[in-house]
Amino acid sequence: MISTESTSLKDDLYLAVNGRWLRTAVIPGDYPRVGTFPNLFFDVEKNLRNDLNDFMSGNETIQNKVILQAVKLYDMALGLRGSTVIKNDLEKINNMHNLKDLNNKLKFYFKNDFPLPLIAEVHGNMKDNSQKAFYVAGAKLILPDKSYYDADNSTGKQLLRRYSQAAKDLLIKLGYNTTFTSQTVELALRFDRRLLPIVKSPKGWADYPKIYNPISFVDFGKKSNYIDLQSMTRSLIDDEPKQIIIGEPRYFNHLNELINDDTFDEVKAWMLVSFLMKNADLIDEPSRQIISQYRNELLGINGVEKREKYACRLTTSLFSEPIGIYYGKKYFGEDAKKNVHGMVKKIINTYKKRLMKNEWLSEDTRKNAILKLDKMVVKVGYPEKIDPLYDRFIINNEETLYENVRRLRGIEVQNMFEQYHRPFDRSKWNMSGYEVNASYNPSTNDITFPAAILQRPFYDLKQTVSQNYGGIGSVIAHEISHAFDNNGANFDELGNMKNWWTQRDYKRFQSLTQKMIDQFDGISYMGRKVNGALVVNENIADVGGLACALEVAKSEPNFNCKVFFVNWALNWRIKSTKQINEMLLSVDVHSPAPLRCNIIAQDMDDLYKAFDIKKTDGMWLDKTQRLNIW
Ligand SMILES: [Zn+2]
């Protein structure tokens, strides 16, 4: 447990800033976290709910035709009429008799967002983003990570029990008999067990170059004796690609053991149960309550979110881009947009200067790194235009919520496959304007700062410059640093995976990366240990980002170093359930917030001067152990 004793800034920056808050903060019943990021998100959602309610009641007029459809969906989700129409879809799975049936229906299942034991997606080709590529991966485990299946993991066992119970309750409620119900759930869990030794770990997925495993179309076809992988591919993209990119080679090397005539019943049961669990919230209110029991156990909470919150989250997730644009336009002004753009420009320039002063890069590599900064695309607030995809999102009042949502999800999947023949659109955002988050995309070399994160305590025109740089400044520089983290270092200025390093420089980078892994690896947190390799990219970005934000802030008039670090510590204020902490330690590429806050700050020499930290103080770290790659 995090100690909530009040303490000195010299001993524990995180606790000194957040200790008092931690003592009294209450985790809400329907959400597993409270703190700076989640609280902002709660406020954003509250605004959106109020606006949707105003639109619905006619207090506000709806100007935009896509928002009109979103409001119709919100209305429908609020006053849900229950229906058992989901049974028609469950029966589409249940009526399969053999693998031939599965092969015949693969296209239908894919294009209508049914769960399948393999995933197929179209994205830009990681090595040449002017081209699209067909990517395949394996199915996901029921529980968040392999570690939950360890013999001594009681949380995992309890979760699977809860999952099974929820699935059984839902099937019974839909009128299936008890024999069918228990057999189906048991077979589904058996298939989940089969996945266990062959799926990729979160650490594996965090290593981008290893996701890229091209294979010829002919060889891809040979990966299964039972699934017609070539016909499947052709049917989805109306084309025969020269190569397929496999995300999980081990999974596809074991495909014959996983899907064959003997395992067919398990595959079918797994599809049926997965489909049901994914869509149960759309059936009716009692079903949403049942599915919440599993979710609550997973997240360590005990309340079900109110219908209004649920309706809002469902609507915003489906109409994420248009609602993000709406949010940004209404709540984030043009002045702020200009000001943030100015901050980003300043930070990029300082980053450039730091690269020029860098002592371990050769001239050739340095030139390429600076080119990455020059070509970096900056996205602030919200996108300029709504994707034409949303013109196809028409809500039909004659249909149930289930039918509408399922149809929209199907359109989304079909749109993704259609992209195979469409040109690459660099202006597309990968985040919505209402998200309290920020990102760097190595495949486009762009940084994104949605409107929702551009508010207090991260940013405000009325905050001091020191506060803004300790807040959003460190976030901006963090995202820029991702261009040069362990993944970003493999992508060039156009976002293509290409080596732009001299051999000697890359070796040096790898040894610095290893030091970064070691700095966090094995640290005890909440009774578990941090996996240094899982979190290394984020730590590289954190430390490079904070150092750069600090340098820019120092050049501003009236800079106050204490205020800068206090605001940095405020960014990471968080209180979470035990369950969410356990889950994040297994799957999250970010280090736990209190560790991010303190250790990254300890890597900065300025911290010691600002707070007069001595060897005997808790925040002291020997100069030789302070790290920074960028
Ligand atoms: Zn990051």
Side-chain angles (χ1 to χ4, degrees), residues 33 35-38 40-41 202-209 211 340 343-344 347-348 351 354 369 372-373 376-380 429-432 435-450 452-454 458-459 469-491 495 509 512-513 516-517 519-520 530-550 567-574 584-601 603-604 627-630:
R33 319 191 85 184
T36 300
F37 276 87
L40 277 181
F41 183 59
K203 195 177 92 192
W205 281 114
D207 189 349
Y208 293 0
I211 296 171
V340 173
M343 272 177 87
V344 176
I347 295 173
I348 290 181
Y351 219 101
R354 291 176 66 82
K372 271 198 93 165
L373 287 178
M376 195 174 275
V377 177
V378 181
K379 295 171 177 173
V380 173
W429 282 47
N430 63 350
M431 273 187 172
S432 168
E435 280 180 76
V436 183
N437 209 339
S439 72
Y440 171 75
N441 184 350
S443 292
T444 39
N445 190 28
D446 70 21
I447 43 178
T448 303
F449 307 99
I453 198 175
L454 300 167
F458 291 103
Y459 169 80
Y469 276 101
I472 199 67
S474 67
V475 176
I476 293 169
H478 167 106
E479 300 308 340
I480 296 169
S481 296
H482 272 311
F484 310 105
D485 73 12
N486 211 23
N487 281 324
N490 293 288
F491 292 81
F509 174 67
L512 289 168
T513 301
M516 209 75 227
I517 293 176
Q519 190 173 53
F520 278 77
V530 175
N531 179 343
L534 176 65
V535 296
V536 66
N537 286 324
E538 291 299 330
N539 290 341
I540 293 174
D542 267 349
V543 77
L546 190 60
C548 180
L550 192 54
N567 216 68
W568 160 257
L570 198 55
N571 292 352
W572 304 119
R573 171 174 285 187
I574 194 89
L584 293 178
L585 276 167
S586 310
V587 303
D588 192 5
V589 292
H590 303 89
S591 308
L595 302 183
R596 277 178 98 166
C597 170
N598 281 355
I599 299 174
I600 303 298
D603 284 328
M604 307 292 126
L627 300 181
N628 183 15
I629 300 184
W630 302 110

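Counting starts at 1 for both ligands and their atoms, following the listed order. Values in this document were obtained by computation on a predicted structure and should not be read as measured data.
- Across all non-hydrogen atoms, the minimal contact from Asn539 to Ser591 is OD1-OG, 2.9 Å.
- Nearest to the Zn ion (ligand 1), among the N, O or S atoms that His482 has, is NE2.
- Here the side chain of Asn537 pairs no donor or acceptor atom with the backbone of Val589 at under 3.5 angstrom.
- Residue Glu479 does not count as close to the Zn ion (ligand 1), with no N, O or S atom under 2.8 Å.
- Summarising the geometry, atom NZ belonging to Lys379 is positioned 11.5 Å from atom CE belonging to Met431; distances are rounded to the nearest 0.5 Å.
- The Zn ion (ligand 1) is the vertex of the angle joining NE2 of His478 and OE2 of Glu538, which measures 140° to the nearest 10°.
- Between Tyr440 and Phe484, a ring centre-to-centre spacing not shorter than 6.0 Å is recorded.
- Backbone or side-chain N, O or S atoms of His590 do not reach the Zn ion (ligand 1) at under 2.8 Å.
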